[in-house]
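All of these numbers come straight from a predicted model, not from anything done at the bench. Side-chain atoms are counted along with the backbone in the values below, which use heavy atoms only and exclude waters and symmetry mates. The chain is numbered in sequence order, starting from 1.
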Amino acid sequence: LSNLNAAEGDLIKSQFKFAMYDKNNGWVGNLRSLIPGEGYMYQASIATSFAYPKPSVDGLRIASPTQSTPLIWQVNAEDYRDNTSLIASVKVPDGESVDTDHVLGAFVDGVCRGVTPAVYNKAMGEYNYFMTIYSNTTDEKVVFKWQNKNTSAVYNVNESMTFVNNALRGSLRVPYALTLKELEGN
């Protein structure tokens, strides 16, 4: 996106990931590159245009999907027509490290609707969760669970949210704050 004149707070999202523009740090989030043939939605704070760069013979690298470590929860995004974006922070238990070894999951009636590992947020200098949450219905209650991948401990989260299609909850500078209650099963 180097040839795009982005403004503070601009958002680009694919069906699975998203990133937000910060004037001091560039694009922050879990969407790291654009893949030819994939669809993207761009929400701009000011009217702008963008031309997707064409591959050339001079060595322009085309991004390809990467295989990541399987997460504890899985979501089948293709089952849902709508999605919303969440930038969240999680207050972890005392003594826990704050890094990419943690996973946040979103659930509606026990069914996983979103899952993401922690991502470093350069704007805040901390790890946050950039999650896409899926639904076919507005106004569903979304609850969260948090997992420490090192210990496999799963915590229920105190906060919940109502699903609103194409909304953004939280921001780079003020993530949606989540707090943990108890270990699952306790």
Side-chain angles (χ1 to χ4, degrees), residues 11-20 28-32 38-41 43 65-121 123-124 126-186:
L11 177 79
I12 186 166
K13 69 181 195 175
S14 69
Q15 186 178 3
F16 310 104
K17 299 177 179 185
F18 71 98
M20 182 173 270
V28 180
N30 57 3
L31 180 61
R32 304 255 188 244
E38 296 286 321
Y40 299 91
M41 184 182 295
Q43 180 181 353
T66 58
Q67 188 68 14
S68 60
T69 306
L71 302 174
I72 180 175
W73 304 296
Q74 300 295 315
V75 62
N76 189 1
E78 291 80 10
D79 289 345
Y80 304 99
R81 70 173 179 263
D82 300 326
N83 69 51
T84 193
S85 303
L86 170 72
I87 301 174
S89 63
V90 175
K91 182 170 177 11
V92 300
D94 290 338
E96 290 277 0
S97 64
V98 180
D99 55 30
T100 59
D101 289 326
H102 305 304
V103 176
L104 183 66
F107 299 84
V108 174
D109 297 327
V111 177
C112 184
R113 297 290 187 86
V115 61
T116 189
V119 173
Y120 189 70
N121 177 350
M124 292 293 291
E126 66 184 29
Y127 286 88
N128 291 146
Y129 299 85
F130 292 78
M131 182 187 293
T132 302
I133 303 169
Y134 304 92
S135 182
N136 289 323
T137 309
T138 58
D139 298 329
E140 287 186 308
K141 181 180 179 183
V142 180
V143 299
F144 301 97
K145 295 181 182 185
W146 179 84
Q147 183 205 28
N148 178 328
K149 286 174 56 178
N150 293 323
T151 65
S152 298
V154 174
Y155 290 82
N156 292 307
V157 172
N158 287 306
E159 295 73 21
S160 63
M161 64 180 259
T162 301
F163 182 89
V164 177
N165 188 33
N166 282 328
L168 171 65
R169 179 73 58 99
S171 68
L172 291 176
R173 300 223 186 292
V174 185
Y176 186 65
L178 300 176
T179 57
L180 306 179
K181 46 184 175 182
E182 77 276 345
L183 277 168
E184 189 172 74
N186 287 347

Review point. Closest approach of Ala77 and Phe16, non-hydrogen atoms and distance?
Key: CB-CE2, 3.6 Å

Point to revise | Polar side-chain atom of Thr116 near backbone of Tyr129 as donor-acceptor pair, under 3.5 Å | key: no

Review point. Taking all atoms of both residues into account, what is the closest heavy-atom pair of Lys141 and Val108, and its distance?
Key: O-CG2, 3.6 Å

Review point. Which value, rounded to the nearest 0.5 Å, describes the distance between Asn128 atom CG and Ser171 atom OG?
Key: 9.5 Å

Exercise for review: Spell out, as yes or no, whether a donor-acceptor pair under 3.5 Å connects the side chain of Glu126 to the backbone of Asn121.
Suggested key: no

**Study point:** Parallel, tilted or perpendicular: rings of Phe107 and Trp73 (30°, 60°)
**Key:** perpendicular

Check your understanding: Side chains of Gln74 and Asn76: donor-acceptor distance under 3.5 Å anywhere?
Key -> no

Check your understanding: OG1/Thr162 to CZ/Arg169 distance, rounded to the nearest 0.5 angstrom?
Key -> 7.0 Å

Review point. Backbone N or O of Phe18 within a donor-acceptor pair of the Asn30 side chain at under 3.5 Å?
Key: yes

Review point. Val90 and Phe144: side chain to side chain contact (heavy atoms under 4.5 Å, CB included), yes or no, with the steps?
Key: CA-CA 11 Å; Val90 175; Phe144 301 97; over 6 Å; no

Revision key, fill the gap. Closest non-hydrogen contact found for Ala88 with Pro175 is C-CB, 3.8 Å

Check your understanding: Mind checking whether Leu104 and Leu178 have side chains closer than 4.5 Å, heavy atoms only?
Key -> yes

Review point. Short question: side chain of Asn136, backbone of Arg81 - any donor-acceptor pair under 3.5 Å?
Key: yes

Exercise for review: Taking side-chain contact (heavy atoms from CB on, under 4.5 Å) as the test, write out the residues that go with Thr137, two or more places apart.
Suggested key: Ser135, Glu140

Check your understanding: Partners of Tyr134 by ring pair (Phe, Tyr, Trp, His ring centres under 6.0 Å), sequence neighbours excluded?
Key -> none

**Study point:** Between CD on residue Gln43 and NZ on residue Lys13, distance to nearest 0.5 Å
**Key:** 8.5 Å

Revision key, fill the gap. Val92 and Leu180 have their tightest heavy-atom pair at CA-CD1, 4.3 Å

Study note, to complete from the structure: Shortest non-hydrogen pair, Met20 vs Leu168, comes out as CE-CD2, 2.9 Å

Check your understanding: Are any of the side-chain heavy atoms of Lys91 and Asn158 separated by less than 4.5 Å?
Key -> no

**Study point:** Candidate pair Lys145 and Ile72, rule side chain to side chain contact (heavy atoms under 4.5 Å, CB included), full reasoning
**Key:** CA-CA 11 Å; Lys145 295 181 182 185; Ile72 180 175; over 6 Å; no

Review point. Does the side chain of Ile133 reach to within under 4.5 Å of the side chain of Asn83, using non-hydrogen atoms?
Key: no

**Study point:** Considering all heavy atoms, the nearest Leu172-Met124 contact
**Key:** O-CG, 2.8 Å

Check your understanding: Is the count of non-hydrogen atoms from other residues, nucleotides or ligands lying under 6.0 Å from Lys181 atom NZ greater than 12?
Key -> yes

Practice item. Answer whether the closest heavy-atom distance between the side chains of Phe163 and Arg113 falls below 4.5 Å. Key: no

